[in-house]
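Count residues from 1 along the sequence. Just so it is clear, the model here is predicted, and its values are computed rather than measured. Counting starts at 1 for both ligands and their atoms, in listed order.
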Amino acid sequence: MRYEDKILELIVTSNEHLTAEQLFFKLKETYPGVVLATVYNNLGSLYKSGKIRKISLDGCPDRFDKNTKHDHLVCRRCGSVSDVYLADFTAAIEEQTGIAIDSYDLNISYLCPDCKNKEKNHQN
Ligand SMILES: [Zn+2]
Ligand SMILES: [Zn+2]
């Protein structure tokens with residue numbers, strides 16, 4: 001299997017929104033000789049061909065995601081990303097703006113359960 005296929009498989013079967021480095025370590029389990037530059041190159045071409053999504057957030061390394069239509073809950077404290085499946089707003093956006101759009105990224109800010117717990121413990 002080519003690296004690109006394996007990387008795509010790792011992304012599609014994961015809900016973790018992996019960074020290039022995390023993908024590199026997973027890939028190393030199967031291909032000990034792989035180098036990080038190869039992972040970056042393959043991620044670049046997968047992204048360019050529209051097979052994967054990229055999540056870019058301030059202060060976080062890029063994360064990669066399957067290309068099915070969904071949106072993201074992003075923890076404002078730790079930056080963890082969870083999937084949320086909402087209605088597709090493409091038609092509503094196009095209707096309101098009169099412009100054909102390619103895609104949109106909806107990142108919903110919240111406090112994840114882990115951080116919420118930490119905050120609670122901190123207050124007690
Ligand atoms: Zn959090
Ligand atoms: Zn996602």
(message) Between Tyr3 (side chain only) and Val39 (backbone N and O only), is there a donor and an acceptor less than 3.5 Å apart?
(response)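 Pair absent, no side-chain N/O of Tyr3 close to backbone of Val39.
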(request) Indicate yes or no for a side-chain donor-acceptor contact from Ser14 to the backbone of Ile11 under 3.5 Å, with no hydrogens or angles considered. (result)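 No; zero donor-acceptor contacts below 3.5 Å.
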(request) Kindly indicate whether the side chain of Asp83, heavy atoms from C-beta on, has any atom under 4.5 Å from the side chain of Leu73. (result)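 Of all side-chain heavy-atom pairs linking Leu73 with Asp83, none is under 4.5 Å.
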(request) Confirm or rule out an N/O/S atom of Asp71, from backbone or side chain, lying less than 2.8 Å from the Zn ion (ligand 2). (result)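 Checking Asp71: none of its N, O or S atoms is under 2.8 Å.
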(message) Need one value: angle at the Zn ion (ligand 2), His72 atom NE2 versus Asp83 atom OD1, rounded to 10 degrees.
(response)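 Once rounded, the angle between the two atoms at the Zn ion (ligand 2) is 100°.
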(request) For the atoms NE2 of His70 and OD2 of Asp65, give the angle they form at the Zn ion (ligand 2), rounded to 10 degrees. (result)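 His70 NE2 and Asp65 OD2 form an angle of 90° at the Zn ion (ligand 2).
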(request) Kindly check if the number of other-residue, nucleotide or ligand heavy atoms within 6.0 Å of NZ (Lys116) is above 12? (result)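 Open.
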(message) Tell me the angle that SG of Cys112 and SG of Cys75 form around the Zn ion (ligand 1), rounded to 10°.
(response)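 Value returned, to the nearest 10°, is 110°.
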(request) Over 60° means perpendicular and under 30° means parallel, so classify the ring planes of His17 and His72, tilted if in between. (result)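 Ring orientation of His72 relative to His17: perpendicular.
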(request) Please find the N/O/S atom of His17 nearest to the Zn ion (ligand 2) and write down its name. (result)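 The atom in question is NE2.
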